[in-house]
Amino acid sequence: DIGDVGLKYHLELVLEDILDNDSTVNCSAEVLYHPGNKNLPPDVQLTIDGELKNTDEADNIFYNRIKSLEKELVAENIPDSHGNMSPEMEPIHLLAWAASGYVIWQNSTENTNFQLAQIKHVKQVKREDEYLEFDYMILLHEMVSQEIIPWQMTVLWHPQHGVQVTQ
Amino acid sequence: MKILLVFAALMAAARSEQLFVGDQVLRITASNEDQIALLRALGEQTELQVDFWRDPTTPGHPADLRVPFSSLQAVKIFLESNSISYSIMIEDVQELLDEEKRTMMKSRRLERSTSTFDFASYHTIDEIYDWMDTLVDGHPSLVSKIQIGQSYENRPLYVLKFSTGGSNRPAIWLDTGIHSREWITQATGIWTANKIAKEYGQDPSITAILDSMDIFFEIVTNPDGFAFTHSSNRMWRKTRSINAGSLCVGVDPNRNWDAGFGGSGSSSNPCSETYHGPYAHSEREVKAIVDFILGHGNVKSVISIHSYSQMLLYPYGYKTAPAPDHQELNELAKKAVSDLAAVYGTKYTYGSIVDTIYKADGTTVDWAYDNGVKYSFTFELRDTGRYGFLLPSSQIIPTSTETWPALLDIMVHVLEHPY
């Protein structure tokens, strides 16, 4: 059910874990668009009814794998033209998906519908501290205009500290 | 003689095409021992270069003799003057060889294709065009390939015609790949065309449909764009026509139709993905279909297949006013979507284009509907954005499989509701 009052939307939604279809969580959200100022992203208040799955184990495996690489990770076209990606690239893709969520939120209006289309290029950036840093060149697909928009984003991640996007 | 044959064979190996042109094989029946002796002597005459495929043995038993073109007259005179009866068994050996070669190649192609064509992977335009020929070869009394025009870059626009006869029967039009980056659609098109051919005579619904109606199926509706997605830019959507006065290439073929053409549900900017083009039907790929459908005059349904979003849509996209047949189209969409979901649980939404997805002007189905084709639908296949255009090839067969009952629902409805 979506009710709208002016530019404020109330949403009831269900989150589904893409890695485990049977794992779902109900949520509700209030989204407020700012018509006057196009540069302001919509305000979002999200309430999660329940708990998100714990991913510590998978996070740590990924973290340690990247930390122990001799050379910085570099990859292209994830997924490839045929929609395929290697198992090693799956967490890189998921990370991009999470990070692109932030980018999409920052650039959304009532007339846009963005999806992450593809990672064109990703390069790991060496850091002194405990964070992992990746430079992504991604393609966003905007459904209404059908445009493919290249976007560069720098993503910081740590198992305990989560995702940060510095555009 | 043997040495000569070997030499001749080597010559043949070098220039095999020309060797047996005009040669004939004669069936000769000697009526007594003297004639047998004469025939044997004939075989010994090296300059004639004849060879027995079946040797003369006893009177009354036929001998078969291949005679090179250059020796034909001499041999026939010899036989006739000795009253040895004969008949011409093979008029031209080379013709027979050529036909045999053709048949062998055809069946090799068939073997290669029916057992080795991989429906579960994405293919190039050449592979798809080759496969079309094998489909026709495999079902010659049901499927034929017609060319309805040429693309901007002069690629043939091929349509598969499924017909069990009649003359200008009421027809269903299907197209996939009008937006070249929507690879799941061409792949589903191939699987579906194969399914139609396979199931005629087996599945009662498709059999009933094809016993009264024809199906026209254009699988690579935008071949230039499709080639470009392979060679240069996987995300290419439009045609590849050059736009005068612009560096940007291509027109959105699903905004180029003469139905609400040029409105706000399309763009006037050549650099835009929804550029409608300089005028309606400016694109050869679109004009070819327009001319075909209008020329045919008896098309009862147009089903245009896109991706992604998981939707089943009907007119209008260019206006909010409901189509006169809105109720019936909505009911049919509801049924089709339900039968699709029954296969693997894939959820589709449905409704008019403008209500369900966005305002879109100059679309295929709006044009078809406004030109009297009542049952005009657009599919948006899997998925809803997780992979988008880059749908993994492992999903080709599941997507095709679940879409099939939905397509059948529409086609059966068209069959059962003539107008």
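Order of the sequence lines sets the chain letters (A, B, ...), proteins ahead of strands, with each chain counted from 1.
Using a 3.5 Å distance cut-off with no hydrogens or angles, the side chains of B/Arg382 and B/Gln395 do pair a donor with an acceptor. Side-chain contact, B/Asn330 with B/Tyr314: a donor N or O sits under 3.5 Å from an acceptor N or O.
At a 4.5 Å heavy-atom cutoff, the contact between B/Phe389 and chain A is made by side-chain atoms alone. For B/Arg386, the parts lying near chain A are the backbone and the side chain together; criterion is any non-hydrogen pair under 4.5 Å. Contacts between B/Ser266 and chain A at a heavy-atom distance below 4.5 Å are absent for every atom of the residue. No part of A/Asn113 comes within reach of chain B, as not one of its non-hydrogen atoms sits under 4.5 angstrom from that chain.
Within residues 126-152 of chain A, the residues having any heavy atom closer than 4.5 Å to a heavy atom of chain B are A/Leu139, A/His141, A/Met143, A/Val144, A/Ser145, A/Gln146, A/Glu147, A/Ile148, listed by residue number.
Using cut-offs of 30° and 60° on the angle between ring planes, the pair B/Phe117 and B/Trp131 is tilted. Ring planes of A/His93 and B/Tyr387: parallel class, angle under 30° (limits at 30 and 60°).
In this structure a side-chain-to-backbone donor-acceptor pair under 3.5 Å is missing from A/Asp49 to A/Cys27.
Between B/Tyr308 and B/Trp183, a ring centre-to-centre spacing not shorter than 6.0 Å is recorded.
In this structure, CD in A/Glu16 is found 8.0 Å from CG in A/Asp22, a value given to the nearest 0.5 Å.
No side-chain heavy atom of A/Thr24 sits under 4.5 Å from any side-chain heavy atom of A/Leu15.
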